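The next block holds one structure in the form of structure tokens; read it before the comments.
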Amino acid sequence: MKITDAADFIKSCDNAFILTHRSPDGDTLGSAFALCRIMRALGKKAQVLYDGQLYDKFEYLKENLPDLEFEPRCIIAVDIADSKLIPAQYQNYSESVDLCLDHHGSNTGYAKRTYVDEKSAAAGEIIYELAELLGIIDSDIAKALYTAIATDTGCFKFSNTTPKTHRIAAKLMEYDFDFSAVNRAMFESFTRERIKLEQLLLSSLEYFADGRGVCMLISKEMMELSGASDDDIEGLAAIPRSIKGVYVGITMREKDDGYKLSVRTNPLVNACSICAEVGGGGHPAAAGGFISGSLKHAKETIIAISEKYISQVN
């Protein structure tokens, strides 16, 4: 599917539910709300569906965008590589997604129509291209898209950042919104609970592969002791990779039936390949997955896989 085909489909689509992925981040939310605004500007009904309650720092994305009630005739998924990543309360739409807009090379092709550009640093870049094709962009759309792109590039620090990324960001910054306030909210503003959780998290650091790999754990007990929310967890997975000499950083989060994995790697190791071995996926530098069972089993499994890929680095 070409980007022009995606634009044509959006022009023909009405009464649209726009899906975001589980544990929504800035890219899926910013992209979805931008697309929602674009569709409403086209005179269509559109509504963003997200997992749970919108975190406080993302509340501005829905300003002046009242909820609408309607029966959906079109389902669009944004930044969702696999139907399994659709939130549980919206799984009834998993087999009826009409269009998926994504930048994950690991996309499973579950939708009836799929546009994937794995060279895009964020889904926000794809929505920006659609906005240009459709001739619809304003300050609110620009702010949402800047949020999407800035968060998925770590404020333009991650290796997925390209010259195209910077060009798009520069164009978005020409619109009337405070991009510095977005950056502060996303990257420099933390709750006391988040700082407490980070203290506990650092105490769990465990090195492997002669110090070229690091694993850390976010347990239920840590969440209770710190009083942290899911919102406070965002960005913590980048900590292990920031340690000098580390190729693979693994963050394990305890769930009821196993452990959610967030894997971050430096350029010589592919995070997506590691997570693919446990049924996950993502990007070369950032991917995720899930391992059922005990902590011992999950840790031994992901460390063994990681060591295999680290050993291939000269």
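All values reported here derive from a predicted model rather than from experimental measurement.
- Taking the six-membered ring for Trp and thresholds of 30 and 60 degrees, His104 and His283 have nearly parallel ring planes, at less than 30 degrees apart.
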### Task
Kindly indicate, with the supporting measurements, whether the criterion salt bridge (charged side-chain N to carboxylate O under 4.0 Å, His left out) is fulfilled by Asp98 and Arg73.
CA-CA 9 Å; Asp98 296 290; Arg73 296 203 298 266; over 6 Å; no
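- The environment of NZ in Lys84 is sparse: at most 12 heavy-atom neighbours from other residues, nucleotides or ligands sit within 6.0 Å.
- Around atom CD of Gln312, more than 12 heavy atoms belonging to other residues, nucleotides or ligands sit under 6.0 Å away.
- Using modelled atom types, one finds a donor on one side chain and an acceptor on the other under 3.5 Å when comparing Asp67 with Gln47.
- Atom CZ of Phe290 sits in a crowded spot, with more than 12 heavy atoms from other residues, nucleotides or ligands closer than 6.0 Å.
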### Test salt bridge (charged side-chain N to carboxylate O under 4.0 Å, His left out) applied to Lys11 and Asp8, step by step
CA-CA 5 Å; Lys11 285 189 287 187; Asp8 288 340; 3.5 Å; yes
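- In this structure, Tyr90 has its ring center no closer than 6.0 Å to that of Tyr50.
- The environment of Asp176 atom CG is sparse: at most 12 non-hydrogen atoms of other residues, nucleotides or ligands sit within 6.0 angstrom.
- For the salt bridge (Lys or Arg N to Asp or Glu O under 4.0 Å) test, no residue two or more places apart in sequence or in another chain qualifies with Asp138.
- Between Lys220 and Asp256 there is a salt bridge, since at least one side-chain N of the basic residue sits less than 4.0 Å from a carboxylate O of the acidic one.
- Met223 places a side-chain heavy atom less than 4.5 Å from the side chain of Arg253.
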